[in-house]
Each structure stands twice: as C-alpha cells, then as structure tokens.
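For reference, the structure discussed in these notes is given below.
Read the numbers this way: they start at 1 and go in the same order the structure lists the ligands and their atoms. Only a predicted model underlies this, so the values are computations on that prediction, with no experimental measurement involved.
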Amino acid sequence: MNYISTRGRTPPMGFQDAVLTGLAPDGGLLIPTDIPRVEDRLDAWSRLSYQDITFEILRLFVDLPDGDLRHLIERSYMAFRHPEIAPAWPVGPVHILELFHGPTLAFKDIALQFLSNFFEYILKRRDARLNILGATSGDTGSAAIHGVRGRERINIFIMHPRGRVAPLQERQMTAVLDSNVFNIAVEGTFDDCQRIMKTLFSDLEFKRRHALGAVNSVNWARVLVQIVYYFSAGLYVMQTTGAREVQFAVPTGNFGDVLAGYYAWRMGMPIRRLILATNENDILARFFESGVYSLGRVVPTLSPSMDIQVASNFERYLYYKGGGNPERLTALMKDFAATGSLSIPCGAGGRVDELFIPGVGTSADTLATIRRYDREYGYLLDPHTAVGVHVAEQHLDREAPTICLATAHPAKFSQAIREATGREAHHEILDNLAHAPTRCATLPADVEAVKSFIEERAR
Ligand SMILES: *Cc1c(COP(=O)(O)O)cnc(C)c1O
C-alpha cells in the first residue's frame with residue numbers, strides 16, 4: 001500500500017515513510033491510495049482475538065514482513081490490563097466499549113503503544129535515532145511518554161503549559177523518571193506550547209539535524225490502529241445480539257477516533273451510523289448539521305481532551321467528501337486559513353452526510369448522564385464518554401445496537417465524578433502517583449529556550 005497527500009503535491013511513499021513523516025511536506029495529510037474492502041472476511045474475523053483482528057487489518061496497509069508485524073502487535077498489547085484489550089459490555093440501552101485498559105487509562109494508549117514499538121523497530125533496522133517533540137494539554141503527552149519510556153534509540157520532549165494541566169494528568173507525565181523522558185513545563189498557555197512546537201518543526205535544518213519526530217493525531221499509524229476496535233466490537237455485538245448492523249457513538253475532539261470509524265465503514269463493516277458527539281466546543285457538530293465549518297473560541301469544559309476547535313484530522317474526511325480532488329481540497333483549506341471558515345453543500349436529506357449524526361453534550365448533560373448511569377446501572381462513565389452516551393441516547397435504533405466508545409477511565413477525571421455522584425473514583429495506578437517522585441524542567445515560553453534545551457539533550 002502506498003500513501004499520498006490530501007493536497008496532491010507529495011510523491012507516493014510506503015507505510016514506513018508515511019509514519020516517520022507525519023505531516024506531508026506539502027502541508028496535507030497522508031492517506032492510503034485505496035481502501036480495501038473486507039466484507040467477505042467478516043464472518044471469519046468474528047472468531048478472532050483482538051490481536052489477530054489487528055494483524056488482519058494492519059497487514060492490508062503496511063509494508064512489513066508478517067512475522068515482524070505479529071511480533072509488534074503482541075508487544076504493543078502486553079501492557080494492557082484486560083485480556084480482551086478492548087471489551088464491550090451491555091449497559092442500560094447501549095453497549096460500552098472500554099478503550100481505557102492501557103497504561104495511562106485513556107484510549108490514546110491503543111495507538112501510541114503500537115506507534116512506539118513501530119518507531120523502535122524501524123530505528124533499529126535503519127540504525128537511526130529519533131527525538132520526539134510534542135505539546136500536550138493532557139492525555140496525548142502521557143500516552144506518548146508511557147509508550148517510549150526506556151527505549152534505546154528515542155528521546156521524548158513533551159511540553160505542557162505550567163500549572164494548566166489537571167494535577168493528575170501532570171503527574172502521569174512527570175512521575176516517569178526514565179532518562180530518555182524530558183517533561184518541559186512552559187510558562188505560558190497550551191497555545192504557546194503549540195506555537196513553539198510548530199516553529200521548531202518548521203525549522204527544517206533543526207528538524208533534520210535532530211531527527212525530530214511527531215506523535216500527534218495526524219500520524220496515519222494512529223488512525224489505522226484505531227480502525228481495529230470498530231471491527232472487533234462491532235462483530236462481537238452483532239454476534240451476541242443477532243443484529244446485522246451496529247452504530248457507534250464517538251466523543252470527538254480532533255476527529256481522529258471517529259475518522260477511524262469512517263474508514264471501517266468504507267472497508268465494509270456494517271455500520272449504520274456514526275453518532276458524532278462534541279462538548280460545547282461544537283465546530284464539528286455544527287459542520288455536520290449545516291455544512292459550515294467555522295472557528296469558534298475554545299471554552300473549557302468537563303471533557304478537556306475535546307476542548308478543541310480546529311480538528312486536525314478533519315482534512316482527511318473533507319478530501320473523501322470532495323470526491324478525492326486535491327485541488328478542490330487545497331482551495332477549501334486556503335479559504336479556511338484565510339477566513340476561519342469553509343463550507344460545503346448539504347445533500348438531499350438536508351444534512352452533509354447521512355452516515356454522521358451530530359450532537360452536543362453540555363457540561364450539565366455530562367454531569368446528569370454520569371449521575372444517571374451510576375444510579376440506574378451501577379456504571380461510572382468518564383466525562384468524555386458521558387458526552388457520547390448523552391447524544392447516543394437520542395438516536396437509539398432498534399435494529400442497530402449502539403456501541404458507545406469509552407475513551408478514559410473515570411478515575412482520570414475524579415473532580416467531575418465527585419461533582420456528579422458525590423463519590424470518589426479510584427484506580428490504583430493513579431492513587432500510587434500521589435507520592436511518586438517527579439522530574440520536570442521549567443522554561444519560559446520562548447522558542448530559543450526550548451531549542452537549546454533540546455539541543456543539549458537530543459540523541
Ligand atoms: C483525545 C481524546 C478524545 C478525543 O479523541 P479525538 O481522536 O481527538 O477525536 C476523547 N476522549 C478522551 C479521553 C481523549 O483523550
């Protein structure tokens with residue numbers, strides 16, 4: 001399988017280069033040249049383990065020997081605490097797909113554990129080194145750090161805005177003492193961290209000299225690995241309920257997770273609808289309602305990992321929606337860069353796309369849903385998952401069971417849980433962090449300061 005850019009000005013490349021490249025040099029996102037159809041295999045796949053389904057899907061998209069791919073997959077899911085990796089349970093009117101059994105208790109582990117093992121594998125084969133640079137407001141940074149900690153050929157530098165990350169999320173990052181992990185508390189905002197990161201990545205000489213790599217959600221490997229659970233959970237729920245189709249409810253920020261569901265649908269998984277749920281930062285919900293994608297201001301909510309306005313993976317969807325025309329896509333993205341808004345026509349049904357059902361869960365909806373699921377079903381939802389469940393309940397379908405993606409363990413967001421239920425949510429991993437030693441450098445919000453910090457410590 002080869003990969004091309006949504007903007008059409010990057011020569012095709014294989015999977016390994018696509019993953020190491022991250023963002024395409026022409027500013028676009030890398031996508032596979034075609035999307036394989038797999039409906040003839042679904043029956044057989046419904047009897048496979050999570051790791052075996054992962055193998056069957058990934059081998060369609062990668063340029064690795066089968067044996068190496070199997071080994072990478074086995075290693076990636078060893079760090080998960082549930083034997084099924086991503087189990088699904090019926091809870092009230094929906095099914096909950098638990099994606100939080102990895103080391104940092106959020107769904108990002110599923111992709112970042114694989115990506116880290118993949119990086120190590122490639123670096124060994126190429127006898128190379130990598131310095132990962134990232135900016136985080138929470139979950140991505142800790143999942144990336146836990147993915148690469150202690151690995152020989154990789155150093156990781158993660159910036160977070162000093163004092164502006166939830167204390168627990170900060171400890172999940174800074175309590176990792178491996179010598180290849182560098183936490184940087186930047187005296188500024190998350191936007192300052194992102195600006196510094198973008199400036200350093202656009203300094204091509206610096207980027208090349210230090211082999212800078214990215215782990216953010218535009219990386220194709222992250223989307224690819226997330227396709228798997230739409231198959232594993234969908235086939236499992238179809239089997240246990242006798243349904244011929246399912247629908248998924250996905251709490252969304254960067255459009256990464258739900259994009260993986262879109263690929264699964266394109267590959268032939270019987271998905272009736274994708275219920276796209278946002279919090280008050282509703283740019284994506286508004287788009288799927290009206291066809292207009294226009295920037296708002298980011299407001300802080302109880303589901304901070306979805307407090308995003310520009311959804312970095314959205315460009316991939318727009319590319320397909322526009323019939324795979326890179327010129328048209330480039331023009332749309334230019335519009336958006338210049339005016340903060342773009343629009344596409346709605347279809348005959350009055351919506352942009354019949355596959356996507358948009359909806360919003362506010363902070364009040366989030367708290368009410370957490371409280372109700374706790375009281376009525378004895379199940380604790382984290383606030384991100386609760387946004388998805390709230391919207392899902394308005395679109396239940398008798399013929400297509402609804403699978404709600406549970407993207408974090410409730411104990412990660414204990415303040416919201418306390419507010420909703422009056423109780424504490426615990427997880428021993430998080431409780432143990434309270435007294436763990438930490439390591440973190442503090443730097444001013446200044447490109448030169450971060451640059452020289454990296455220069456002194458890069459591999
Ligand atoms: C990142 C994240 C999301 C949003 O996922 P996207 O792929 O950015 O849409 C939802 N919930 C949690 C807990 C997350 O960490």
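For the pair R316 and F255, the cation does not sit on the ring face, since its NZ or CZ is not both under 6.0 Å from the ring centre and inside 45° of the axis.
The aromatic rings of W220 and Y3 sit tilted, their planes meeting at an angle between 30° and 60°. By the 30° and 60° cut-offs, the orientation of the rings of F114 relative to F118 is parallel. Under the 30°/60° scheme for interplanar angles, the aromatic rings of Y320 and Y262 are found to be tilted.
Counting protein heavy atoms only, atom 4 (C) of ligand 1 is closest to G253 N, 3.7 Å. Nearest protein heavy-atom neighbour of atom 8 (O) of ligand 1: N254 N, 2.8 Å. Nearest protein heavy-atom contact of atom 11 (N) of ligand 1 is T407 OG1, 2.8 Å. Considering only non-hydrogen protein atoms, atom 2 (C) of ligand 1 sits nearest to K108 NZ, 2.5 Å.
Here is the list of ligand 1 atoms found below 4.0 Å of a heavy atom in T252: 9 (O). Taking a cut-off of under 4.0 Å to the non-hydrogen atoms of A408, the atoms of ligand 1 that pass are 13 (C). Close approach to D257 involves these atoms of ligand 1, each under 4.0 Å from a residue heavy atom: 7 (O). Proximity to S305 (heavy-atom distance under 4.0 Å) selects the following atoms of ligand 1: 2 (C), 12 (C), 14 (C), 15 (O). Remark: ligand 1 atoms within the under-4.0 Å shell around heavy atoms of G256 are 6 (P), 7 (O), 9 (O). Every atom of ligand 1 with a heavy atom of F255 under 4.0 Å away is listed here by number and element: 9 (O).
Classification of D178 and R149 as a salt-bridged pair holds, one side-chain N sitting under 4.0 Å from a carboxylate O.
Atom CZ of R162 is surrounded by 12 or fewer heavy atoms from other residues, nucleotides or ligands within 6.0 Å.
Side chain to side chain, N117 and S76 meet the donor-acceptor criterion of an N or O pair below 3.5 Å. A donor-acceptor contact under 3.5 angstrom links the side chains of N281 and N279, judged on distance only. The closest side-chain donor-acceptor pair between Q247 and R272, if any, does not fall under 3.5 angstrom.
Here's the thing with H384: none of its N/O atoms is less than 3.5 angstrom from an N/O atom of ligand 1.
Within the structure, ligand 1 lacks F100 among the residues with a heavy atom less than 4.0 angstrom away.
At a 4.0 Å heavy-atom cut-off, ligand 1 does not touch K412 at all.
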